[in-house]
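One structure is given below, encoded as structure tokens.
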Amino acid sequence: MLGKFITLEGIEGSGKSTNLEVIKAILDKNKIDYVLTREPGGGPLGPLLRELLLDKDQSISPSVEMLLMMADRKDHVDNLINPNLDKGIWVISDRYLDSTIAYQGGGRQLDVKLIDSLSIELKLPTPDLTLLFDLPVDVALQRAEKRSELDRFEREPKDFHSRIRDSYLELASSNNRIKTIDSSEDIGIVTKQVEKHLTEFLDA
Ligand code: TMP
């Protein structure tokens, strides 16, 4: 049997990485074999591509940025995601294709049809479940600023991040696999929402 493919999405500071622990605990309790990974950076070429893409001193055009994200993803899919799913091992990825639609489509205002057709040509698998961590942009950016030095994306102005949030919410409204979590709530309430969606997915 194929493993399940779960992705986590959200704007900067949305708390998706923090909730990985909650997800791990539920999968462990259910004795599910899984690997945790992330984008950009999950495939063999990933570390180099990630460094390049996040480097605040690099000037990268929107189309090149999108193509590099897709190259990183193809490398990740072929070398880590598909081989694990084929062995029945679940794959949990911190970001995936919806990030390109939201950041490069919404944020950088590239044509989403191009991203969609590339993903079909590259035969990228569709996640079985996506958890979208959503919260107001102001709150999220304040959280992100408290962390380490800001990367190339985190430095962008507020309207860039607002367009990304809008794109994510639009994607969620037309895709049943995407479950939106209100990440502005206290951590305990956010955890409960994650548990609810994951448990419903496991029971389905
Ligand atoms: P992270 O900090 O959540 O690991 O994500 C790295 C940054 O890369 C984040 O600002 C979002 C951005 N990104 C894109 O712009 N497009 C993509 O397709 C992916 C996967 C990430």
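All values below come from the heavy atoms of this structure, side chains included, with hydrogens, waters and symmetry mates left out. Whatever order the structure lists them in is the order used to number ligands and atoms, beginning at 1.
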Below the 3.5 angstrom mark, is there an N/O of Thr100, backbone or side chain, next to an N/O of ligand 1?
yes
Sub-4.0 Å heavy-atom contact, Lys16 with ligand 1: yes
Check: Non-hydrogen atoms of Arg152 versus ligand 1: any pair closer than 4.0 Å?
Finding: no
- request: Give a yes or no on whether a salt bridge exists between Arg108 and Glu156, defined as a side-chain N under 4.0 angstrom from a carboxylate O.
  value: yes
If we number the atoms of ligand 1 from 1 as shown, the ones under 4.0 Å from a heavy atom of Leu54 are 6 (C), 7 (C), 8 (O)
Note: Val194 and Phe133 closest approach over all heavy atoms is CG2-CE2, 3.8 Å
The salt bridge (Lys or Arg N to Asp or Glu O under 4.0 Å) partner of Arg152 among Glu65, Glu51, Glu12 is Glu65
| message | One thing to verify: whether Lys192 and Glu195 come together as a salt bridge, which I'm taking to mean a side-chain N less than 4.0 angstrom from a carboxylate O. | response | no
Pro40 heavy atoms within 4.0 Å reach ligand 1 at atoms 6 (C), 8 (O), 20 (C), 21 (C)
Ligand 1 to Arg50, heavy atom cutoff 4.0 Å, flagged ligand atoms 1 (P), 2 (O), 4 (O)
Tell me whether ligand 1 is touched by Glu12 - counting only heavy atoms on the residue side and a distance under 4.0 Å. yes
Candidates Met66, Glu39, Arg95; heavy atom nearest atom 1 (P) of ligand 1 found on Arg95
Phe153 heavy atoms within 4.0 Å reach ligand 1 at atoms 7 (C), 8 (O), 10 (O), 12 (C), 15 (O)
